[in-house]
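Just so you know, these numbers come straight off a predicted model, no measurement behind them.
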There are 2 protein chains.
Amino acid sequence: MTTLEKDLETRLAEDHHQAIKLWLRMLTCTNLITGKIRGRLRENFATTLPRFDLLAQLERHPEGLRMGELSQRMMVTTGNVTGIADQLEAEGLVRREADPKDRRSVVLRLTPKGQAVFSAMAKVHEGWVIEFFEGLSTEEKETLYALLGKLKRHLNGRRSP
Amino acid sequence: MTTLEKDLETRLAEDHHQAIKLWLRMLTCTNLITGKIRGRLRENFATTLPRFDLLAQLERHPEGLRMGELSQRMMVTTGNVTGIADQLEAEGLVRREADPKDRRSVVLRLTPKGQAVFSAMAKVHEGWVIEFFEGLSTEEKETLYALLGKLKRHLNGRRSP
DNA sequence: CCTCATTATTTTAGAGCTAAATAAAAAGTG
DNA sequence: CACTTTTTATTTAGCTCTAAAATAATGAGG
């Protein structure tokens with residue numbers, strides 16, 4: 001084996017190791033942040049991250065969203081959305097409505113109470129996220145955002161969507 | 001309000017929005033990757049991500065790890081580690097051993113079968129991760145790794161450890 | 001009409017995960 | 001040494017999530 005070949009092999013191996021290290025670090029950061037958010041949502045508002053997430057999606061879509069749309073946006077199964085929606089409906093924060101265009105569909109909307117409860121939480125939540133990322137400068141956040149955008153396109157682009 | 005103040009305020013608001021967008025994109029990328037890995041682990045090896053994660057930790061520490069050490073490294077509760085270890089022990093992949101230095105502790109180690117099963121999976125798993133990140137160049141991965149490192153230090157450094 | 005494939009939601013079974021309570025051993029303190 | 005606090009692992013109750021099966025409505029073709 002020549003020196004050039006050895007170098008190429010080494011560089012490839014390092015690149016492989018690099019991807020693994022990168023992935024583990026990314027996973028760690030995400031876990032740290034979700035853990036903090038989960039704990040604070042519980043302590044401050046006695047609610048959970050998926051409940052908050054569902055309300056956030058509805059708040060961005062006052063016209064309501066179907067269960068399938070919610071499951072796509074929240075990246076969970078429709079069965080999971082059903083369970084979370086059940087709880088929020090029991091708490092009076094969301095309402096199931098019939099879709100006039102398709103009787104198979106259910107459209108979920110925020111109730112006035114749900115809007116009020118969510119907007120109180122959203123302000124505080126935004127502050128937490130700002131705090132978590134304030135270790136990075138605006139330029140660094142911009143770079144990170146762009147790199148993750150490229151990663152996301154690659155992940156969505158090829159197989160197993 | 002003067003023009004300067006308005007600009008400052010606008011810039012701050014944009015910075016806030018930036019943190020939220022960044023966080024949501026980061027969460028999306030992580031969810032996409034974990035979803036792919038989970039599905040492939042199930043299809044190819046009939047196992048799950050937390051099981052794989054526990055085996056991976058033990059593989060890096062042939063001397064064994066205590067339940068508490070595992071829970072820290074896996075970023076889950078010790079109760080959760082107990083349950084996953086129960087399953088892996090029933091499958092004969094790990095073994096509980098008494099810690100001679102501390103009778104409260106349990107040291108978990110890979111069995112020979114566990115080593116064999118894991119190393120077969122690890123090779124394939126590494127290939128998946130390389131594939132997920134090959135949309136980025138070596139330099140881009142390096143930049144992403146560094147930025148996440150800075151983020152991680154900030155997250156660990158301040159309140160709520 | 002009537003079937004057949006598709007789409008939308010719910011239900012079910014089981015693993016994952018947390019927080020809190022428990023039990024046992026170790027470590028610190030007067 | 002006795003007493004208290006801390007540490008370590010397990011257990012328990014309850015929510016979260018998935019995959020797969022069950023319901024039910026839509027739509028296309030014959």
Exercise for the section: For A:M67 and C:dT10, give me the distance from atom CE to atom C1', rounded to whole Å. Expected result: 9 Å
Practice task
Give a yes or no on whether A:V107 and A:L55 share a hydrophobic cluster (residues Ile, Leu, Val, Met, Phe, Trp, Tyr; joining criterion: side-chain heavy atoms under 4.5 Å apart).
Solution key: no
Practice task
Send over the distance from B:L54 CG to C:dG16 P, rounded to a whole Å.
Solution key: 11 Å
Exercise for the section: Round to the nearest Å and state the distance from A:N80 atom CG to C:dA13 atom P. Expected result: 18 Å
Fill in the blank from the handout: When rounded to whole Å, the CZ to C1' distance for the pair B:R42 and D:dT18 reads 8 Å
Problem - No-H, no-angle donor-acceptor pair, A:R104 side chain to C:dT9 base, under 3.5 Å - result: no
Problem - Selection from D:dC17, C:dA8, D:dA9 that lies nearest to any side-chain heavy atom of A:V76 - result: D:dC17
Problem - Toward the 5' end of DNA chain C, by each residue's nearest nucleotide, B:P50 or A:V81 - result: A:V81
Exercise for the section: For B:R38 and C:dG16, give me the distance from atom CZ to atom C1', rounded to whole Å. Expected result: 10 Å
Handout entry: 5' precedence on DNA chain D between A:L49 and A:R103 (nearest-nucleotide basis)
Key = A:L49
Exercise for the section: Calculate the interatomic distance between A:R51 atom CZ and D:dG14 atom P; express it in whole Å. Expected result: 14 Å
Problem - Protein-nucleotide distance (A:Q72, atom CD; C:dT9, atom C1'), rounded to Å - result: 14 Å
Exercise for the section: Examine C:dG16: is either OP1 or OP2 under 4.0 Å from a nitrogen or oxygen in the side chain of B:Q87? Give yes or no. Expected result: yes
Exercise for the section: Looking at every strand, decide which applies to A:I84 at a 4.0 Å heavy-atom threshold: base, sugar-phosphate, or nothing. Expected result: sugar-phosphate
Exercise for the section: Check whether the side chains of A:T30 and B:T30 place a donor and an acceptor atom closer than 3.5 Å, and report yes or no. Expected result: yes
Exercise for the section: Pick base, sugar-phosphate or nothing for B:G68, based on heavy-atom distances below 4.0 Å to the nucleic acid. Expected result: sugar-phosphate
Exercise for the section: For C:dA25, take OP1 and OP2 only and decide whether either is under 4.0 Å from a side-chain N or O of B:R66. Expected result: no
Exercise for the section: Scan A:M75 against the nucleic acid and name what it touches under 4.0 Å (heavy atoms): base, sugar-phosphate only, or nothing. Expected result: sugar-phosphate
Exercise for the section: Respond yes when some side-chain nitrogen or oxygen of A:T48 is under 4.0 Å from OP1 or OP2 of D:dT16, and no when none is. Expected result: yes
Practice task
Scan side-chain atoms only and decide if A:Q18 and B:E142 contain a donor-acceptor pair under the 3.5 Å cut-off.
Solution key: yes
Problem - Aromatic A:F133 / basic A:K141 pairing, under 6.0 angstrom, 45° off normal - result: no
Exercise for the section: Would you mind reporting whether B:F132 and A:L22 have side-chain heavy atoms less than 4.5 Å apart? Expected result: no
Practice task
Tell me what A:S105 touches on the nucleic acid: a base, only sugar-phosphate, or nothing, going by heavy atoms under 4.0 Å.
Solution key: sugar-phosphate
Handout entry: Integer-rounded Å distance: C:dA20 P and A:E43 CD
Key = 9 Å
